[in-house]
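One-based numbering along the sequence shown. Just so you know, these numbers use all the heavy atoms, side chains as well, and skip hydrogens, waters and symmetry mates.
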Amino acid sequence: MIRKGWLGFFMLLAAALLLRLWRIDATPPGFHFDESFEGLEAWRILNDPTYRPIFLAGNFGVAPANAYANALMFGLWAWLGGEPGPTAMRVTAALFGALGVVATWLAAEELRRLHPDRLTAALPWLAAGLLATMRWHIHFSRMGIEPILVPLAAGAALWLLLRARRTKSWQAYIGLGVVLSFSLYAYQGGWVLPPLMALAWAILWLWDGEHRRALALGGGLAAAIALLLTLPLLLFAVSQPQLFLLRPEQVAVGAGAATQQGFAENALAYLLMFVPLVEAGDLDPRRNLPGLAALNLWQAIPFWLGVALALWRIRQPGHSILLLLLVGLLTPGVVSEYAPHYHRVLGAAAPVALLGGVGLDWLWGWGARAGAQLAHRAWRRPLSWVSAALLALGAMVSARDYFVRWAALPDLFYAFDVGLWTIGQQIAAQPADAALYLTPRSADHPTLAFAWETQAGAHGPPVTFDGRHIFPLAAGAAPAPEHYIVIEEEDFRTRLLLPELFPDAAVTTTILDWQGRVYANTYVRPAGSTPQRQPMVATTFELGDGVALAGYDAQMAQLEAGRMLYVQLYWDVRAAPTHNWTVFVHLIDEAAGAPNLLAGVDSAPGAGSLPTNRWQAGWRILDEYQLLLPDDLPDGDYALFIGLYTADGARLPAEGIGFRIGEVQIE
């Protein structure tokens, strides 16, 4: 029997791993922002011995446990001859998901031992099997982000608490303290777990007079261990409270105007996410098949049966603790925006599986009891296996909904940054001396940066700019081909400008989204070609610090008040600027005695996308500014001035109010 038990356990674990690892290199696709951010942090942890963060400062503050786990995985992956990236991170998540199934099995076994008169030996298999086949849990077991750690911590904490109470084992209490501390380093949605387990401990203490002294001593030990291990994080929270609480404050109900839902509406949304008869699930395709409930019908039936049984048996501590964990682990979602938000409340998957296991276990036991009353005892097993049928049907529907329906969504191209990840890999594969430009995304986007920062011999970041505001190019004849990667889904202007500048530029690479639309094109300006577009008004004015104004385009005549004045400046870069200059374009009334500013724009070049400290010698830069003219601006002629300045007061030109480039006629 023991061998059969272990064989069944490993078969269950194998099924859990299969659902989490099958086609992990392709589903999900791409490498979205949150994953790649934590991937870059993991890469830095692995390769920089001085970098050991207690809390990740980027992306509005992120708990660090997942990044450390992925640093270990990247090291193992490299040792096995692989490359760091989304597949390695998603394998880490899959292993955490499978460990969550094991923790749920162990917790269910302790629940069975706590209430042997109510729960059968089938409970661990049924509860763990439900979690193993739950699409909600499978989904986040295949993404390289940290929420998958919470159901693991919840299941492990419940197991250790109940085991410690039963065996009076100090090792179990120490393990409980370690797990509770781990939950605080895992994910903000797991911060509720220590108080929830304190309440669970209190329920056991009130119910079990025989073990109160041991529970009190053991609980104190677990709390001390948790506090000791969490001390570095607490000190960080005290020293940097704004960063530590930034993300919770951003998503809290009432913190912003993102949604109008209150606590009552959120609570209803999380109730309905377990009702498969309504389309009330998470709408984000990154987190769900939009609108689909977290449980399918065959899983919802035993879950709601388990909830009803737990309410009926609420005076029994095991059942009341399950209800406590369910409500408590849903609370982070109830108090935050965008309900239902599946990954904020993923920790609740553990009590959901356990409650579903209670429902399935009742059906299993009911079959045995009903069969015993029948004249033909052969009916006993078929009636017991109703729960197994529900589990199997739920698993099949989950697999279909994830691997067939969800995986085929065209929206996943954008939800998982497939286009950006493809661009990043293409850039990394280019020769080191290739002249590459990218618009409109910046090089610090984690999905892009991961591609070239983690690969030996990779090209490195391209020149990034926002082509809707600015355009850099080699002035004169290009010494080598220039590659312009244009994300046309976002930058609608560069594809219109390029034919004017380089009529002989050719599209060499096209990336299509999953609906067949052009996402990005790579245009190549041939070596030796010269820019064909020249300024409408040519000038040569040396402002200084290596910057000269070669001319400008502007509508200088017959412009109406209240309209937009478009000014495009042509900068020639003689030498790389030594300062980070702000450009100003001002419309001045010179007839008022003292110069009077009527309209103007002060901005880093390219709306901040290409500051002067990234300009290169030999460039020409087309830099556009838009001035909204006042509605009450009288007719007349007004002067247009441009110039540059820094935060410390330096100016170019050094004297006067700027360089006067011409007059604007308002009619």
Visitor: Any donor and acceptor pair, going by atom type alone, linking the side chain of His445 with main-chain N or O of Thr447 inside 3.5 Å?
Guide: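 Pair found, side chain donor or acceptor close to backbone of Thr447.
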
Visitor: Determine the minimum heavy-atom distance between Ala88 and Asn70, stating which atoms define it.
Guide: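 So the two residues come closest at O-OD1, 4.3 Å.
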
Visitor: Does CZ in Phe60 sit with more than 12 non-hydrogen atoms of other residues, nucleotides or ligands closer than 6.0 Å?
Guide: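 For Phe60, atom CZ is not crowded (no more than 12 foreign heavy atoms under 6.0 Å).
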
Visitor: By side-chain contact (heavy atoms from CB on, under 4.5 Å), which residues pair with Ala434, not counting sequence neighbours?
Guide: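 Applying side-chain contact (heavy atoms from CB on, under 4.5 Å) to Ala434 gives Gln430, Pro431, Leu436, His459.
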
Visitor: Report yes or no: does Asp631 contribute a side-chain atom to a donor-acceptor pair with the main-chain N or O of Ala561 at less than 3.5 Å?
Guide: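 No: the side chain of Asp631 does not pair with the backbone of Ala561.
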
Visitor: Can you say whether the rings of Phe55 and Phe244 are parallel (under 30°), tilted (30 to 60°) or perpendicular (over 60°)?
Guide: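 Rings of Phe55 and Phe244: tilted, as their planes differ by 30° to 60°.
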
Visitor: Closest heavy-atom contact between Pro446 and Phe37?
Guide: CB-N, 3.5 Å

Visitor: Without swapping roles, check the side chain of Asp637 against the backbone of Glu663 for a donor-acceptor pair under 3.5 Å.
Guide: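 Judged by distance alone, no pair lies under 3.5 Å.
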
Visitor: For the residue pair Thr510 and Asn521, confirm or rule out a side-chain donor-acceptor distance under 3.5 Å.
Guide: yes

Visitor: Could you tell me whether Arg563 and Glu560 have a side-chain N and a carboxylate O separated by less than 4.0 Å?
Guide: yes

Visitor: Give me the atom names and distance for the closest heavy-atom approach of Tyr68 to Arg52.
Guide: OH-C, 2.9 Å

Visitor: For the pair Thr439 (side chain) and Gly467 (backbone), establish whether a donor and an acceptor sit closer than 3.5 Å, ignoring hydrogens and angles.
Guide: yes

Visitor: Could you tell me whether the side chains of Asp284 and Tyr342 share a donor-acceptor contact shorter than 3.5 Å?
Guide: no

Visitor: Going by distance alone, is a donor N or O of one side chain under 3.5 Å from an acceptor N or O of the other, for Tyr437 and Glu482?
Guide: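 Their side chains do contain a donor-acceptor pair, which is all the 3.5 Å distance test asks for.
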
Visitor: Keeping the roles fixed (side chain from Arg525, backbone from Ser529), state whether a donor-acceptor pair exists under 3.5 Å.
Guide: yes

Visitor: Sub-3.5 Å donor-acceptor pair from the side chain of Glu265 to the main-chain atoms of Gly262, do we have one?
Guide: yes

Visitor: Going by the side chain to side chain donor-acceptor pair (under 3.5 Å) test, which pairs reach into residues 466-478, not counting sequence neighbours?
Guide: Asp466-Arg468

Visitor: Anything under 30° is parallel, anything over 60° is perpendicular, the rest tilted; go ahead and classify Trp571 against Trp615.
Guide: tilted

Visitor: Using a 6.0 Å cut-off, check whether atom CD of Glu500 has over 12 heavy atoms from anything other than its own residue.
Guide: yes

Visitor: What I want to find out is whether Arg90 reaches Glu35 closely enough, with some N-O distance under 4.0 Å, to be called a salt bridge.
Guide: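 Judged by the 4.0 Å cut-off on N to carboxylate O distance, Arg90 and Glu35 do form a salt bridge.
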
Visitor: Quick one: closest heavy-atom pair of Tyr638 and Leu587, and the distance?
Guide: CB-CD1, 3.7 Å

Visitor: Are a donor atom and an acceptor atom from the side chains of Arg533 and Tyr570 found within less than 3.5 Å of each other?
Guide: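 Per modelled atom types, Arg533 and Tyr570 side chains form a pair under 3.5 Å.
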
Visitor: Name every donor-acceptor pair, under 3.5 Å, that has one atom in a side chain of residues 411-420 and the other anywhere in the protein, sequence neighbours excluded.
Guide:
{"from": "Tyr414", "atom 1": "OH", "to": "Glu489", "atom 2": "OE1", "distance (Å)": "3.4"}
{"from": "Tyr414", "atom 1": "OH", "to": "Asp513", "atom 2": "OD2", "distance (Å)": "2.7"}
{"from": "Asp417", "atom 1": "OD2", "to": "Phe33", "atom 2": "N", "distance (Å)": "3.2"}

Visitor: Could you check whether any side-chain N or O of Asn59 sits under 3.5 Å from a backbone N or O of Gly61, counting only pairs where one atom can act as donor and the other as acceptor?
Guide: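 It does not hold such a pair.
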
Visitor: Checking Thr522 side chain against Thr508 main chain: does a donor-acceptor pair fall under 3.5 Å?
Guide: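 Side chain of Thr522 to backbone of Thr508: no pair is present.
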
Visitor: Checking the side chain of His586 only, and the main-chain atoms of Ile588 only, is there a donor and an acceptor separated by less than 3.5 Å?
Guide: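 Such a contact is absent between His586 side chain and Ile588 backbone.
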
Visitor: Walk me through whether His139 and Arg287 qualify under side-chain hydrogen bond (donor to acceptor under 3.5 Å, both in side chains).
Guide: CA-CA 8 Å; His139 186 107; Arg287 302 188 292 264; over 6 Å; no

Visitor: Indicate yes or no for a side-chain donor-acceptor contact from Tyr552 to the backbone of Ile661 under 3.5 Å, with no hydrogens or angles considered.
Guide: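 Checking the backbone N and O of Ile661 against the side chain of Tyr552, a donor-acceptor pair under 3.5 Å is found.
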
Visitor: Looking just at side-chain N and O atoms, do Arg344 and Ser336 make a donor-acceptor pair shorter than 3.5 Å?
Guide: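 Yes, Ser336 and Arg344 have a side-chain donor paired with an acceptor closer than 3.5 Å.
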
Visitor: Which of these, Leu497, Leu496, Leu498, sits in a side-chain contact (heavy atoms from CB on, under 4.5 Å) with Thr494?
Guide: Leu498

